[in-house]
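See below for the structure under consideration.
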There are 2 protein chains.
Amino acid sequence: MLNLTRDGEYAVRAVLYLSSQPEGKISLISEIAETQEVPKSYLSKIMQHLVRAGLVRSRRGINGGFMLARPAESITMRQAIEAVEGPIFLNICLVKKGECHRDDFCPVHPVWKEAQRRLLEVLDGKTMAALASDGEALSKKVKKKQK
Amino acid sequence: MLNLTRDGEYAVRAVLYLSSQPEGKISLISEIAETQEVPKSYLSKIMQHLVRAGLVRSRRGINGGFMLARPAESITMRQAIEAVEGPIFLNICLVKKGECHRDDFCPVHPVWKEAQRRLLEVLDGKTMAALASDGEALSKKVKKKQK
DNA sequence: GACAATAAAGATGATTTTAGTCCTATTTAT
DNA sequence: ATAAATAGGACTAAAATCATCTTTATTGTC
Ligand code: SF4
Ligand code: SF4
């Protein structure tokens, strides 16, 4: 259906939240869930995926919680999404050569290849650090407007 | 999940097939189904959508079948897909302003907007006439290789 | 008018995905 | 020990996906 699932959406929100926190701070799942408006028990699953994918580090027990496993500059939007949704393929023939047996004579195949390239270019080009900085700028603007 | 459904895939195949036929020729559903490797009864539904969307014209009864309703030069890949899948939105916030109430302060929103713009640029930029011509060139190449 | 060929329309259904919830186990600081 | 946290797995309702089948309507030919 060519659209993002809630998994992907929530993953981006969660990683972005962690990226916006001060270096070294540990965030609770309930804190992320509330600010990012994600159901807490659902978010729990998302966070597990992010940990396994190596984007986020977790600590259990008292004073536990989540923090980024790597610098926000090194995490792209694509990585956050693919951590929970798996690799992005706009059409099955992009999975690998031969996945659709028509691919060697199909004129549509190259179009999907190009479309996917352009889409990923955008998602690869946006780091969580950049998003966090954009977010700060935006929240200043919004506050000004509310005056 | 960010990938095309069989509906969209089959719609493109069907319209492309019609675009590759000689001007004015009427094609049977069984003929399209066989050459394009689409289940016949499924294709029947797809064709109905294409007719209602105004891309294809149908005729019932003996000597009936399908043909393009407009020149192949004026039908884009996007139109074929959207005729059966509905409008493409990579994320819900692209449906319309306010669909996600976070959109006015969300730094991720503009990224999806840009990603979608680039994706649609590709799909809008490919007409069925162009695909048909690419297809002809490809089939010549494939035949040469088989020698 | 009967008949055969063809698409239109709608009912049905199996399977998978989506979008969650809930409960128990495990880890950890005090 | 205990309380506070995440980890992990079982479960579920609703929707989407990918079809199939049957009946109806239309149309050309004899
Ligand atoms: S676009 Fe062509 S190659 Fe890709 S899935 Fe469709 S038929 Fe196969
Ligand atoms: S990207 Fe931002 S605006 Fe779009 S759906 Fe997610 S939160 Fe809402």
Side-chain angles (χ1 to χ4, degrees), chain A residues 1-14 18 25-34 36-69 81 83-89 91-92 100, chain B residues 1-14 18 25-34 36-69 81 83-89 91-92 100:
Chain A
M1 212 239 220
L2 280 179
N3 69 15
L4 195 69
T5 62
R6 293 307 82 198
D7 278 35
E9 166 72 22
Y10 295 159
V12 173
R13 289 195 204 178
L18 293 180
K25 190 204 153 193
I26 283 192
S27 305
L28 296 181
I29 227 176
S30 50
E31 173 189 338
I32 307 174
E34 274 167 42
Q36 303 309 297
E37 301 174 284
V38 178
K40 194 176 133 185
S41 52
Y42 194 7
L43 182 59
S44 161
K45 299 276 107 178
I46 307 271
M47 296 311 290
Q48 278 179 43
H49 276 110
L50 293 173
V51 169
R52 277 184 233 153
L55 303 188
V56 164
R57 210 179 323 158
S58 72
R59 220 165 69 190
R60 272 137 86 131
I62 289 182
N63 298 331
F66 299 91
M67 58 187 295
L68 288 187
I81 294 169
V84 294
E85 294 210 346
I88 291 171
F89 300 115
N91 200 349
I92 47 164
C100 169
Chain B
M1 213 238 219
L2 280 179
N3 68 16
L4 195 69
T5 63
R6 292 308 80 197
D7 278 36
E9 167 71 22
Y10 295 159
V12 173
R13 289 195 204 177
L18 293 181
K25 190 203 154 195
I26 283 192
S27 306
L28 296 182
I29 227 176
S30 50
E31 174 189 338
I32 307 174
E34 274 168 42
Q36 304 308 297
E37 301 174 284
V38 178
K40 193 176 135 187
S41 52
Y42 195 6
L43 181 59
S44 160
K45 298 278 107 176
I46 307 272
M47 296 311 290
Q48 278 179 43
H49 276 110
L50 294 173
V51 168
R52 276 184 233 152
L55 303 188
V56 164
R57 211 179 324 159
S58 71
R59 221 167 68 191
R60 273 138 87 133
I62 288 183
N63 298 330
F66 300 90
M67 57 186 294
L68 289 187
I81 293 169
V84 294
E85 295 210 346
I88 291 172
F89 300 115
N91 201 348
I92 47 165
C100 170

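The structure displayed is predicted, hence computed values, not measured ones.
Side-chain N/O atoms of A:Y10 include one lying less than 4.0 angstrom from OP1 or OP2 on C:dG20.
Per the geometry, NZ belonging to B:K40 stands 11 Å off C1' belonging to C:dA5, to the nearest Å. Atom CD in A:E31 sits about 11 Å away from atom P in D:dA5, given to the nearest Å. Taking atom CG of residue A:N63 and atom C1' of nucleotide D:dA3, one finds them 11 Å apart after rounding to whole Å. The interatomic distance linking B:F66 (CZ) with C:dA5 (C1') rounds to 13 Å, in whole Å. Taking atom CD on B:E85 and atom P on D:dA15, their separation rounds to 19 Å, with Å as the unit. Computed from coordinates, the B:I92 CD1 to C:dT18 C1' distance equals 14 Å when rounded to whole Å. Note: CG (B:N3) to C1' (D:dA16) measures 12 Å, nearest angstrom. In this structure, the CG atom of B:N91 is 14 Å from the P atom of C:dT18, given to the nearest Å.
Here the nucleotide nearest the side chain of A:I62, chosen from D:dT6, C:dA29, D:dT29, is C:dA29.
In terms of heavy-atom proximity, B:L18 sits nearest to B:F66 at CD2-O, 3.7 Å. Considering every non-hydrogen atom in both B:R13 and B:Q36, the closest pair reads NH1-O, 2.7 Å. In terms of heavy atoms, A:G64 sits closest to A:L28 at O-CD2, 3.4 Å.
In terms of modelled atom types and a separation under 3.5 Å, the side chain of A:E9 and the main chain of A:L4 share no donor-acceptor contact.
For DNA chain D, the neighbouring residues in residues 44-61 of chain B, judged by any heavy atom under 4.0 Å, are B:R60, B:G61.
Residues B:S27 and B:K25 have side chains in contact (heavy-atom distance under 4.5 Å, counting atoms from C-beta outward). Within the 4.5 Å cutoff, side-chain heavy atoms of B:D7 are placed close to those of B:Y42.
Nucleic acid contact for B:T5: sugar-phosphate only, since backbone atoms but no base atoms lie under 4.0 Å from a heavy atom of the residue.
Applying the side-chain contact (heavy atoms from CB on, under 4.5 Å) rule to B:K45 yields the partners B:Q48; only residues at least two apart in sequence or on another chain are considered.
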